[in-house]
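Labels below follow one simple rule: chain letters A, B, ... track the order of the sequence lines, proteins then strands, and each chain is numbered from 1.
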Amino acid sequence: GAVVSQHPSRVICKSGTSVKIECRSLDFQATTMFWYRQFPKQSLMLMATSNEGSKATYEQGVEKDKFLINHASLTLSTLTVTSAHPEDSSFYICSARAGDSGNTIYFGEGSWLTVV
Amino acid sequence: AQKVTQAQTEISVVEKEDVTLDCVYETRDTTYYLFWYKQPPSGELVFLIRRNSFDEQNEISGRYSWNFQKSTSSFNFTITASQVVDSAVYFCALTPSSASKIIFGSGTRLSIRP
């Protein structure tokens, strides 16, 4: 099946710094990618939809200036958490639509962010 | 409204027992896709199955089987002869044709005891 790679898998950063997470579709082109956040023992919460070549669409309540999303190519989307704070510590996971007839969505491995 | 409900928050069974995870969905779309994903403790989401709204045929894959019933808007998932490695959180999800995003249920945490 299609593969989505996410990097880094774990990152620790200091409060006030910025951290970038990459999401790559390895064997298919993804015009649309999605970024989710998951708190412990909770479901995935969609943060934003990333469309190649255009601005991301953010869900209500998500600060677009804090969570910068760039989808510069058909195989890469990045999420940058700016001026990170401890409450931003979470599991972030991306997904990409494969474009097959079933609109299957494949997920990256996720990134554990810890802000200290 | 577009919604996925997984009423079972946690399930714990002894190894080799059969277990069914329930999923009920709501959508006004006539065309949609349903998914099941597995999330082991490591966190990644593993794709298990996709079903489109026009295909009500049940599916079996090894110890896994899925029962899609449009009449009750349900897409239940059964694991036969469960194993400890099946322990994970399982998410049911919906992608309506009118929406570009995937809608997740709250997940069911399945624990298989040896």
Side-chain angles (χ1 to χ4, degrees), chain A residues 1-11 21 23 28 30-52 54 56-60 62 71 90-114, chain B residues 2-11 21 23 25 27 29 31-55 57 59 61 66 68 87-111:
Chain A
V3 177
V4 175
S5 176
Q6 198 170 329
H7 178 81
S9 57
R10 291 183 181 273
V11 57
I21 302 169
C23 179
F28 65 97
T31 55
T32 303
M33 290 185 172
F34 306 88
W35 286 96
Y36 294 84
R37 182 175 181 176
Q38 185 181 32
F39 292 103
K41 296 191 175 183
Q42 294 190 26
S43 187
L44 295 153
M45 300 300 296
L46 179 65
M47 298 174 66
T49 301
S50 168
N51 296 296
E52 187 268 335
S54 63
T57 302
Y58 289 81
E59 295 298 300
Q60 194 172 9
V62 178
H71 194 160
S90 188
F91 184 66
Y92 294 86
I93 192 165
C94 72
S95 68
R97 190 185 302 278
D100 57 11
S101 60
N103 272 338
T104 305
I105 296 176
Y106 293 94
F107 287 82
E109 307 95 324
S111 299
W112 295 95
L113 169 64
T114 302
Chain B
Q2 322 270 22
K3 187 179 177 182
V4 177
T5 301
Q6 293 180 257
Q8 303 151 308
T9 306
E10 293 193 36
I11 299 175
L21 282 60
C23 174
Y25 62 93
T27 179
D29 289 47
T31 302
Y32 50 89
Y33 293 90
L34 295 164
F35 301 84
W36 275 95
Y37 290 91
K38 175 182 179 180
Q39 187 180 40
S42 51
E44 75 275 18
L45 282 172
V46 178
F47 168 77
L48 296 179
I49 190 172
R50 177 194 73 224
R51 172 68 71 224
N52 76 54
S53 52
F54 297 109
D55 182 4
Q57 198 168 13
E59 182 156 340
S61 177
W66 291 269
F68 178 27
S87 298
V89 179
Y90 290 85
F91 290 99
C92 180
L94 163 74
T95 299
S97 61
S98 62
S100 62
K101 57 189 179 185
I102 188 168
I103 300 159
F104 283 93
S106 54
T108 297
R109 182 175 300 277
L110 177 63
S111 298

- Query: What part of B/R51 lies closer than 4.5 angstrom to a heavy atom of chain A: side chain, backbone, both or neither?
  - Reply: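 Contact with chain A is absent: no heavy atom of B/R51 under 4.5 Å.
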- Message: If I measure from the heavy atoms of chain A, does B/T9 come under 4.5 Å with its side chain, its backbone, both, or neither?
- Response: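 Neither; nothing under 4.5 Å.
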- If you count heavy-atom pairs under 4.5 Å with chain A, which of B/G43, B/G107, B/S42 comes out on top?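 Among B/G43, B/G107, B/S42, the one with the most close pairs to chain A is B/G43.
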- Kindly give the heavy-atom pair with the smallest separation between B/Q39 and A/F91, and that separation in Å.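 So the two residues come closest at NE2-CE2, 3.8 Å.
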- Over all atoms of both residues, closest heavy-atom pair of A/S43 and B/S106: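 Smallest heavy-atom distance, with atoms named: CB-CA, 3.7 Å.
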- Hey, could you give me the CD1/CG distance between B/I102 and A/L44, rounded to the nearest 0.5 Å?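 One gets 9.0 Å once the value is rounded to the nearest 0.5 Å.
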- Find the distance between CD (A/Q38) and CZ (B/F104) and round it off to the nearest 0.5 Å.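 One gets 9.0 Å once the value is rounded to the nearest 0.5 Å.
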- Message: Determine whether the aromatic ring centres of residues B/F47 and A/F107 are separated by less than 6.0 angstrom.
- Response: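 No, too far apart.
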- Only counting residues at least two apart or in another chain, list the ones meeting side-chain contact (heavy atoms from CB on, under 4.5 Å) with A/S9.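 Checked A/S9 against side-chain contact (heavy atoms from CB on, under 4.5 Å); zero matches.
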- A/Y58: side chain to side chain donor-acceptor pair (under 3.5 Å) partners, not counting sequence neighbours: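 Side chain to side chain donor-acceptor pair (under 3.5 Å) check on A/Y58 returns nothing, list empty.
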- Task: Let me know if A/Q6 has heavy atoms under 4.5 Å from chain B in its side chain, its backbone, both or neither.
- Result: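 Neither; nothing under 4.5 Å.
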